[in-house]
There are 4 protein chains.
Amino acid sequence: MTTNDAEPIFDVAELASFELYSPDVDATVRFFCDLLGMIETARSGDSVFLRGWEDPYGHSLKVTHRQQAGMGFAGWRASSPAALERRVAAIEQAGLGRGWVEGEVGMGPAYEFTTPDGAVQRLGWEVDYYAPPEAERSIVLNRVQRRPLRGVPIRSLDHINLLSKDVTANKRFYADLLGFRLSEHIIAGDDTEMGAWLRTLTRSHDVALVKDAVGEGGRLHHVAFLYGNLQHLEDACDVLTDHGIEFEAGPARHAISQAQFIYVFEPGGNRIELVGVPGYQITDPSWEPVLWAQDAIDNAIIWYGADLPAEFDTYATPLVGATAYRTPNRYVAAEAAVLFGAR
Amino acid sequence: MTTNDAEPIFDVAELASFELYSPDVDATVRFFCDLLGMIETARSGDSVFLRGWEDPYGHSLKVTHRQQAGMGFAGWRASSPAALERRVAAIEQAGLGRGWVEGEVGMGPAYEFTTPDGAVQRLGWEVDYYAPPEAERSIVLNRVQRRPLRGVPIRSLDHINLLSKDVTANKRFYADLLGFRLSEHIIAGDDTEMGAWLRTLTRSHDVALVKDAVGEGGRLHHVAFLYGNLQHLEDACDVLTDHGIEFEAGPARHAISQAQFIYVFEPGGNRIELVGVPGYQITDPSWEPVLWAQDAIDNAIIWYGADLPAEFDTYATPLVGATAYRTPNRYVAAEAAVLFGAR
Amino acid sequence: MTTNDAEPIFDVAELASFELYSPDVDATVRFFCDLLGMIETARSGDSVFLRGWEDPYGHSLKVTHRQQAGMGFAGWRASSPAALERRVAAIEQAGLGRGWVEGEVGMGPAYEFTTPDGAVQRLGWEVDYYAPPEAERSIVLNRVQRRPLRGVPIRSLDHINLLSKDVTANKRFYADLLGFRLSEHIIAGDDTEMGAWLRTLTRSHDVALVKDAVGEGGRLHHVAFLYGNLQHLEDACDVLTDHGIEFEAGPARHAISQAQFIYVFEPGGNRIELVGVPGYQITDPSWEPVLWAQDAIDNAIIWYGADLPAEFDTYATPLVGATAYRTPNRYVAAEAAVLFGAR
Amino acid sequence: MTTNDAEPIFDVAELASFELYSPDVDATVRFFCDLLGMIETARSGDSVFLRGWEDPYGHSLKVTHRQQAGMGFAGWRASSPAALERRVAAIEQAGLGRGWVEGEVGMGPAYEFTTPDGAVQRLGWEVDYYAPPEAERSIVLNRVQRRPLRGVPIRSLDHINLLSKDVTANKRFYADLLGFRLSEHIIAGDDTEMGAWLRTLTRSHDVALVKDAVGEGGRLHHVAFLYGNLQHLEDACDVLTDHGIEFEAGPARHAISQAQFIYVFEPGGNRIELVGVPGYQITDPSWEPVLWAQDAIDNAIIWYGADLPAEFDTYATPLVGATAYRTPNRYVAAEAAVLFGAR
């Protein structure tokens with residue numbers, strides 16, 4: 001019989017937008033638009049705003065010019081104005097708030113804060129819906145627009161994965177202050193929590209936190225976009241290969257989340273996950289977090305397919321130490337010590 | 001900007017079980033187990049308990065012997081014990097409660113009630129998880145068991161579709177008393193609401209209500225099971241055809257929910273929907289219900305694929321009037337006037 | 001044990017090109033290029049030359065302006081120069097030859113002839129291979145070019161289907177004079193051969209001959225293009241629907257050939273088949289033609305999916321009688337009596 | 001314009017059967033039947049006869065008990081009795097014939113011979129078709145039987161891959177004496193031919209010859225079975241993983257042949273390839289063999305997906321040297337020097 005009787009908090013609904021830093025915005029935008037079929041919806045200052053064809057709002061990805069690749073912020077959407085108020089109060093009480101941000105293209109006021117790792121996050125409610133040109137409207141009225149005719153179009157923003165100095169502390173932050181629920185986690189032989197996958201509503205995870213092997217906190221391991229089926233990921237493999245985008249890993253499948261994936265580097269040097277077979281959904285309200293212990297870690301990471309390369313544990317943006325940027329066609333030299341705090 | 005600022009209720013989490021009446025339980029069970037790979041987990045009295053391989057609990061489908069095909073009850077699971085209490089209080093206040101049911105195989109106490117249409121529903125919290133035999137455990141720890149080696153195994157129970165005397169009144173019941181959210185609906189030229197699709201969490205719909213063309217209320221139009229991809233539905237088409245199961249409709253695709261489907265009749269005479277490409281997910285907390293007006297109804301029902309046959313609007317279980325049971329191999333004569341109230 | 005001991009003739013290798021007449025060449029070309037991702041490779045006179053991205057030669061489809069839609073010719077490629085000589089000798093002996101045609105864009109000399117039905121065919125050997133621009137070359141050296149980034153790109157020309165006054169006589173022509181082998185046929189209750197599917201090498205069929213319900217001979221029922229998998233056909237369904245292309249039939253699956261299909265009308269009014277799951281391959285050298293008798297005809301045509309509409313038996317190009325052109329967006333009025341001989 | 005004007009020989013039609021040696025016939029048969037859905041059709045002496053559900057004859061795989069894993073013989077089918085005669089005459093003239101074999105279960109007389117590498121091959125004409133029990137017949141009359149309800153059923157035998165002491169000499173044997181055509185080959189920087197892929201009719205290859213890194217000739221690298229689409233290979237990945245079958249490589253995709261694959265070891269220790277997306281078809285009669293030079297070898301082998309492990313170049317059956325049998329669950333110790341000639 002069920003034991004987990006806690007009343008769940010559903011105050012955060014979804015990951016709505018994500019800011020990606022790129023040293024080469026043009027190349028990054030071409031990658032997302034020409035190959036992955038994203039749609040450019042706005043430009044402002046150093047930023048270009050993009051969305052997948054099933055993303056409902058004005059943008060889901062904001063590409064901003066910075067010398068160092070990495071994450072600007074992850075933008076979450078609350079479940080209601082009242083839910084937003086509750087979460088902001090909780091964050092402020094924890095002393096991690098940074099205050100309200102206004103004026104973001106297509107977004108209403110959002111409250112900015114950091115995770116214990118220092119990763120910048122925003123939580124808001126108001127948002128502009130994407131209004132497609134008349135010619136791009138679909139006869140399928142429950143979707144925003146018709147399927148694009150360009151590239152192998154990704155459907156939507158899916159999730160983010162951040163490296164963490166202290167997975168447990170950051171997991172608790174998402175769980176206790178924001179109401180995320182833990183779906184799965186990895187506990188190493190020495191009882192260290194090596195990774196935690198948390199969800200807002202029913203997606204297996206909206207954010208993953210993984211122990212940073214080089215000891216930093218809050219770096220971007222990857223941001224993921226969804227295809228949702230086998231064939232489109234296979235099509236992406238075909239097209240990306242023939243356009244000089246080497247894969248870091250995949251196609252293969254994680255047991256954690258069950259997602260079928262490839263990992264590639266966009267031209268700015270950030271790791272991008274493309275998801276074929278999507279992760280599972282959790283509607284079971286008494287779901288017990290799945291625990292992967294030391295002896296099952298290999299299975300957890302790779303259900304089937306080849307092992308991940310060693311750099312998968314250390315490469316994240318911004319870079320630290322002697323790492324060099326991975327790009328589709330070339331390595332971009334990076335400075336020796338780009339610490340998170342110094343971005 | 002968003003306008004729908006109401007604080008959502010997430011008190012009902014999911015459709016957890018469904019009771020199907022069959023005049024030929026053995027044939028019905030063989031259909032679900034041999035062809036669709038469901039797993040029999042218990043027998044009790046006149047009932048056989050089944051589950052799809054990704055259904056988490058002891059059963060998701062209870063097949064019970066009755067002279068007339070149809071629905072016994074739809075069993076919903078609350079999001080927490082407190083959520084259960086809140087919903088029971090609301091139902092009792094509305095005067096539609098029937099009281100607590102105990103002793104159901106693998107289920108804790110559930111509160112039974114009816115919709116305004118008279119369809120029997122239950123809402124509970126406690127439930128037994130399915131405990132697979134050691135040999136059937138998966139190395140993928142987030143799933144209940146490994147993939148079966150029999151038939152073309154459906155993954156899980158997906159949703160139900162009930163015919164309704166008064167769609168609007170029953171929609172309000174699910175929305176106001178249970179906290180379901182309206183995803184899509186059809187409004188005919190005379191302003192009659194012809195259909196409503198409602199969700200608990202993020203699935204495009206967990207229950208659909210469609211105007212009963214013969215004026216009854218609460219009959220079972222269909223219960224749906226999920227494959228989740230194109231190929232498994234195609235495999236099912238192959239296997240079902242070669243085992244004498246004729247399709248009523250499909251493969252085709254609804255615009256409402258975007259689900260790719262086939263409709264077949266199980267040997268007891270109930271209509272079953274098998275879903276290939278699944279319906280979309282809604283995480284947008286200010287989702288405005290999609291309105292399909294008179295001029296878009298055809299598209300709403302069939303995005304692409306052939307039109308549905310006329311009987312799709314009238315055949316439901318239990319039968320009424322001169323309808324005859326549709327079965328995979330034969331028509332089973334049914335009594336002339338099997339009214340809903342007389343089951 | 002095997003009984004069919006005849007030594008097979010493999011003198012015709014493949015359908016290499018096809019000329020389609022369109023009253024609206026621009027619209028036809030836009031349909032094939034914008035939506036189906038074909039590549040324009042040449043223009044000459046009233047004709048535009050196109051190819052699918054996996055078609056090896058300079059073109060596989062020649063779209064030529066004519067008042068009446070229909071087929072110009074089907075262009076076959078011999079297995080060797082000697083094979084070409086043998087087949088031309090056989091055709092000449094049968095009195096159906098028209099002589100050599102030279103100067104076709106990208107094609108060497110071809111021998112033109114007619115079937116007993118009067119359908120124009122060509123057989124040649126020399127052909128120009130498509131030479132992609134450097135930027136479009138694939139790292140996969142066994143393919144002609146990389147996958148296009150436009151539309152839902154069909155892979156290649158697949159087969160043709162011609163209506164016939166006398167299926168048996170025309171079947172014998174392909175079999176006896178050209179060396180095609182019979183894969184499947186339909187014999188009605190009165191012993192009339194209603195359809196015949198013939199192959200050159202291993203594809204279930206390269207040409208189909210179907211009894212013309214209105215008594216003409218040699219009209220184009222459809223020309224088919226290959227996707228080769230479920231998802232791309234589903235993608236085409238999505239895109240075509242949202243660009244105003246209504247389906248005549250499908251998605252559904254023929255038992256004959258096992259091909260999964262949709263039928264649509266290109267803007268010129270010709271019926272086009274798009275094939276998802278491809279037909280089967282025959283490598284068995286003693287394959288006995290599959291006979292579909294009267295009682296199995298329905299299954300032969302539709303394995304699963306909805307029945308074909310009545311016009312499927314009568315609509316072909318050029319039109320005859322009072323038929324009107326079917327086009328994606330509109331019906332184009334056509335003259336009352338466009339007989340085959342009058343094209 | 002085309003240059004390759006040779007008249008092709010189509011005297012060998014297909015790979016019809018294959019004998020696999022296994023030290024553990026029961027386990028091997030369970031692997032093929034329980035997991036891969038093959039059907040046992042006969043037992044005789046030390047052998048069990050199996051077929052995939054789309055294999056037309058009484059068997060396509062013969063599993064025979066031997067201490068050492070490896071290949072018994074590859075059984076080819078001629079295109080006609082006359083073609084058989086021609087090929088036998090050519091082989092006899094080359095001095096590689098062993099004489100006629102009679103009495104094989106379900107097969108007529110076959111002529112046995114060896115390749116220059118010493119690999120045993122047979123060529124025959126007469127064969128028994130599989131006659132399914134009435135209940136297993138399909139309404140789809142062009143197929144042998146209906147789709148099985150067990151495991152993730154492979155469709156059919158696809159091709160074999162043999163390691164070779166001298167790829168060029170053995171390639172010439174298949175081409176000159178049997179009429180196979182070269183589809184693709186690899187030439188290393190020192191002009192050594194490292195691999196050759198040859199076809200009988202239109203399949204990208206029916207036999208592959210790869211340079212044996214340990215200098216033997218005629219060992220079995222792998223025998224391949226076809227799924228023909230992405231999903232079934234993915235299903236196989238799922239089921240095999242959960243039944244303790246580790247993958248040697250894949251899922252990934254070869255550029256040579258374009259086949260999407262996994263490689264696993266059956267319990268007898270032989271490497272098995274399972275093919276998802278099938279290889280391409282060649283109908284072009286003047287196809288120029290694709291040459292992969294030194295700088296493209298990596299792409300040739302792996303189009304996308306992880307690199308193959310080092311043992312992929314050396315492990316073949318029978319084993320040589322200090323190699324140990326790879327089996328799904330365990331390593332089986334093997335004798336130090338199992339030479340091909342000593343089987």
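So that the names make sense, note that chain A is the first sequence line, chain B the second, and so on, each numbered from 1.
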Given a strict heavy-atom distance threshold of 4.5 Å, which part of [X] is in contact with chain D: side chain, backbone, both, or neither?
X      : answer
C:Q231 : neither
C:A78  : backbone
C:L230 : neither

Practice problem: Just give me the residue among C:I139, C:L141, C:N142 that pairs up with chain D most often, heavy atom to heavy atom, under 4.5 Å. | Solution: C:N142
Quiz item: When heavy-atom pairs shorter than 4.5 Å are enumerated against chain D, which of C:L291, C:I282, C:T200, C:V290 gives the highest number?
Solution: C:V290
Self-check item: Residue C:D298 excluded, over 12 heavy atoms near CG under 6.0 Å
Solution: no
Quiz item: Do you know which of D:S183, D:A13, D:P81 has the most heavy-atom pairs under 4.5 Å to chain C?
Solution: D:P81
Practice problem: Examine C:Y130 together with C:Y57 and report whether their ring centres are nearer than 6.0 Å. | Solution: no
Quiz item: Are any of the side-chain heavy atoms of C:E14 and C:L201 separated by less than 4.5 Å?
Solution: no
Quiz item: Side-chain contact, heavy-atom cut-off 4.5 Å: D:D55 with D:L157?
Solution: yes
Part of [X] within contact of chain C (heavy atom distance under 4.5 Å):
X      : answer
D:N299 : side chain
D:A16  : neither
D:S257 : backbone
D:E184 : side chain

Quiz item: Looking at C:W76, is C:R122 sitting on its ring face, NZ or CZ under 6.0 Å from the six-membered ring centre and within 45 degrees of the normal?
Solution: no
Practice problem: Working to the nearest 0.5 Å, report the span between CG of D:D206 and OG1 of C:T283. | Solution: 8.0 Å
Quiz item: Aromatic rings C:Y227 and C:H232: how do their planes relate, parallel, tilted or perpendicular, breaks at 30° and 60°?
Solution: perpendicular
